[in-house]
Amino acid sequence: MITDGHNHTKHFSPDAGQSIEELVSEAKSKGFNRIGITEHYEIDYPEDGLNWMFDLNDYDRTFDQWHKEFSDFELLKGIEFGYQTHVAEEIDKTSMLIPFDVVLLSVHLFRGKDFYVERECYEMPAKDLHTEYISMMAEMCEKCDNFNVAAHYDYINRYTDKKDDFVTYDECPKEFDRFFEALISKEKALEINTKSIQKHREGGFSRCLPDAAILNRYREMGGKLITLGSDSHFPGTLAVSFNDAVEYLKSLGFTETVYFKDRKPYFESL
Ligand SMILES: [Zn+2]
Ligand SMILES: [Zn+2]
């Protein structure tokens with residue numbers, strides 16, 4: 001079973017609607033014995049009335065309780081930082097304050113705006129939008145050091161209503177190469193976000209699996225660390241589209257994925 005390394009609970013992520021009990025029970029019923037919990041932590045996020053920065057010590061203590069409560073199940077203590085250029089140093093410092101198993105970095109904003117809420121960025125040509133977004137992913141991996149995974153590189157395309165738009169390597173090869181160069185030289189992992197696959201499928205997009213040219217180029221440049229995450233926020237969505245992602249990776253010649261524990265990679269055969 002491939003570990004689902006990216007999940008949220010309502011205890012610490014303000015946009016999630018599932019309890020740890022619901023999540024663990026679903027994981028067990030789907031045959032998992034380990035998952036990653038990666039709650040949102042957004043430094044200097046645009047004011048929206050929600051609390052995107054939880055108390056790290058409270059999180060640490062809560063995990064001690066969860067480890068006791070679910071002694072027959074492995075919960076990886078993770079966090080998902082939202083990257084912006086001016087908070088890079090703060091992310092690197094914050095990620096060392098308590099012992100995490102895994103640290104994810106993400107880009108949830110485009111030019112300072114949450115494109116889930118404000119969608120004017122989709123008026124730009126898709127190629128320009130995707131190029132600027134992947135350039136941010138590259139910058140994030142260049143500027144930050146204390147992380148393990150670059151999450152959902154394709155998040156920018158989730159909320160467009162243009163069903164033929166899709167993040168592809170050919171749109172911005174230089175930016176992808178910069179992104180992969182930073183990931184590979186720092187031994188960080190590339191996440192395949194299976195919620196993105198599911199969202200594209202549900203939305204009737206003409207494509208939903210990650211662009212093969214992106215994954216082939218990552219491997220060609222020496223990228224070995226691929227991790228899977230469903231980014232589940234609500235009951236019923238853990239490990240969504242996992243089988244599709246696993247079969248797809250195998251068809252492209254990948255043989256293993258990784259999850260992180262105590263910030264070290266552990267390999268799992270596909
Ligand atoms: Zn995210
Ligand atoms: Zn997430």
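Position 1 is the first residue of the sequence; numbering continues from there. Numbering of ligands and ligand atoms starts at 1, following listing order.
Between the CG atom in L23 and the CZ atom in F73 there is a gap of 7.5 Å [rounded to 0.5 Å].
Evaluation of the salt bridge (charged side-chain N to carboxylate O under 4.0 Å, His left out) test over residues 136-147, restricted to residues two or more places apart or in two chains, returns E142-R178, D145-K186. The list of salt bridge (charged side-chain N to carboxylate O under 4.0 Å, His left out) pairs with a residue in residues 231-246, not counting sequence neighbours, reads R158-D231, R201-D244.
Take a cut-off of 2.8 Å around the Zn ion (ligand 2): the protein N, O or S atoms inside it are H6 NE2, H8 NE2, E80 OE1, D231 OD1.
Under a cutoff of 6.0 Å and an axis angle of 45°, K188 and F147 form a cation-pi pair. Taking the ring centre of Y116 as origin, the terminal cationic atom of R119 falls inside the region bounded by 6.0 Å and 45° from the ring axis.
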Going by atom type alone, with no hydrogens or angles, which donor-acceptor pairs under 3.5 Å involve a side-chain atom of residues 247-256 and a protein atom two or more places apart or on another chain?
{"unit_1": "Y248", "atom_1": "OH", "unit_2": "P210", "atom_2": "O", "d": "2.6"}
{"unit_1": "Y248", "atom_1": "OH", "unit_2": "A212", "atom_2": "N", "d": "3.2"}
{"unit_1": "S251", "atom_1": "OG", "unit_2": "Y248", "atom_2": "O", "d": "2.7"}

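The atom of H108 that is an N, O or S and sits closest to the Zn ion (ligand 1) is NE2.
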